[in-house]
Amino acid sequence: MTIDLNAQREVVEAAYAEHDAAVSAARVRPEIAADSPIAEGYHLRPLAWADITRVAALEVELFGPSAWTMGMLTEELRGRGRWYVAAQPDGQGVPAPLVGYAGLWFDGDSCHLMTIGVDPRVAGHGLGGAMLDALIERAREIDAISLLLEVAVDNERAIAMYSSRGFTTIGLRKRYYQPEDVDAYTMQLPLRDGAAGS
């Protein structure tokens, strides 16, 4: 049993229609397995517009002063080349109780992990890793050169998760997270031969 991404069409359809040849080659919409083994009692599905209020609330809880606002989230989801997934308990409809969300941006060459968040009340169930795996799979499907991300230098749990999937540190961005003045590592997962460090 699968869930297609038609529910997310309004978020990405215009972007794909206008994309250049490199991006339009990736128009085939992947499916997310409804029984994706992320954790007993949870599954992945496409992020929907109806989720945005819940995502905004989780942003504040997870990221404090540097959280994306509702306006920033709206702009992000309307952006070109975005692809977002959500984690939620089995047997529940859209929107709540979404318990995780993650997304990427494909610029025509590389994919960029834009955000990943998991409700602290369900942390440790593998939801973050499952969403990350879905983003990696999507990046491979659309033939991205690599997947890039930034992570706070003091976020040891996230760094360990990324490292376990093959990401390596390729740079340091001073004072990247504002207003906290926290540095970030840039990490990369090469998806093609010779892509490391590109």
Same cluster (ILVMFWY, side-chain, under 4.5 Å), Leu149 and Val153: yes
Flag if over 12 foreign heavy atoms under 6.0 Å of CD, Glu156: no
Beyond-backbone contact of Arg192 with Asp143, side-chain heavy atoms, under 4.5 angstrom: yes
Criterion side chain to side chain contact (heavy atoms under 4.5 Å, CB included) against Cys111, the qualifying member of Ile142, Ile136, Leu135: Ile142
Residue pair Gly117 / Leu62: nearest heavy atoms and the distance that separates them: CA-CD1, 3.7 Å
Spacing of CE belonging to Met161 relative to CD1 belonging to Ile116, to within rounding of 0.5 Å: 4.0 Å
Check against side-chain contact (heavy atoms from CB on, under 4.5 Å), Phe106 and Arg138: CA-CA 10 Å; Phe106 181 44; Arg138 174 59 174 163; over 6 Å; no
Exercise: identify the closest heavy-atom pair between Pro89 and His43: O-CE1, 3.3 Å
Single hit among Arg173, Lys174, Arg175 for salt bridge (charged side-chain N to carboxylate O under 4.0 Å, His left out) with Asp183: Lys174
Least distance between heavy atoms, Glu180 atom then Phe63 atom: OE2-O, 3.7 Å
From CA spacing to verdict: side-chain contact (heavy atoms from CB on, under 4.5 Å), Leu58, Leu98: CA-CA 9 Å; Leu58 277 176; Leu98 175 153; 3.8 Å; yes
Linked, directly or transitively: Met72 and Trp105 (ILVMFWY side chains, under 4.5 Å): yes
ILVMFWY cluster, Val122 and Val60 together (side-chain gap under 4.5 Å): no
Over 12 non-hydrogen atoms of neighbours within 6.0 angstrom of CD in Glu75: no
Leu113 with Val182, same ILVMFWY side-chain cluster at under 4.5 Å: no
Check: Asp51 and Tyr84 side chains under 4.5 Å, non-hydrogen atoms: no
Beyond-backbone contact of Trp83 with Glu141, side-chain heavy atoms, under 4.5 angstrom: no
Contact summary for Arg157 and Ala123, nearest pair of heavy atoms: NH2-C, 4.0 Å
Heavy-atom pair of closest approach, residues Val151 and Ala158: CG2-CB, 3.8 Å
Partners meeting ring-ring contact (aromatic ring centres under 6.0 Å, His included) with Tyr101 (sequence neighbours left out): none
Trace of the side-chain contact (heavy atoms from CB on, under 4.5 Å) decision for Arg78 with Trp49: CA-CA 10 Å; Arg78 287 179 174 160; Trp49 276 112; 3.7 Å; yes
Atom pair CE/OG1 of Met187 and Thr169 - distance to nearest 0.5 Å: 4.0 Å
Pairing residues for Thr53 by the side-chain contact (heavy atoms from CB on, under 4.5 Å) criterion, not counting sequence neighbours: Met70
Straight-line distance of Arg140 CZ to Leu147 CG, nearest 0.5 Å: 9.0 Å
If you look only at distance, which donor and acceptor atoms sit under 3.5 Å apart when one is on a side chain in residues 126-134 and the other is two or more places apart or in another chain?
from   : atom 1 : to     : atom 2 : distance (Å)
Asp133 : OD1    : Arg165 : NE     : 2.9
Asp133 : OD2    : Arg165 : NH2    : 3.2

Smallest separation among heavy atoms of Ile145 and Ser110, with atom names: CB-OG, 4.0 Å
Verdict with reasoning, Thr115 to Glu59, per side-chain contact (heavy atoms from CB on, under 4.5 Å): CA-CA 10 Å; Thr115 189; Glu59 276 282 310; 3.6 Å; yes
Member of Thr168, Ile159, Ile170 meeting the side chain to side chain contact (heavy atoms under 4.5 Å, CB included) criterion with Tyr185: Ile159
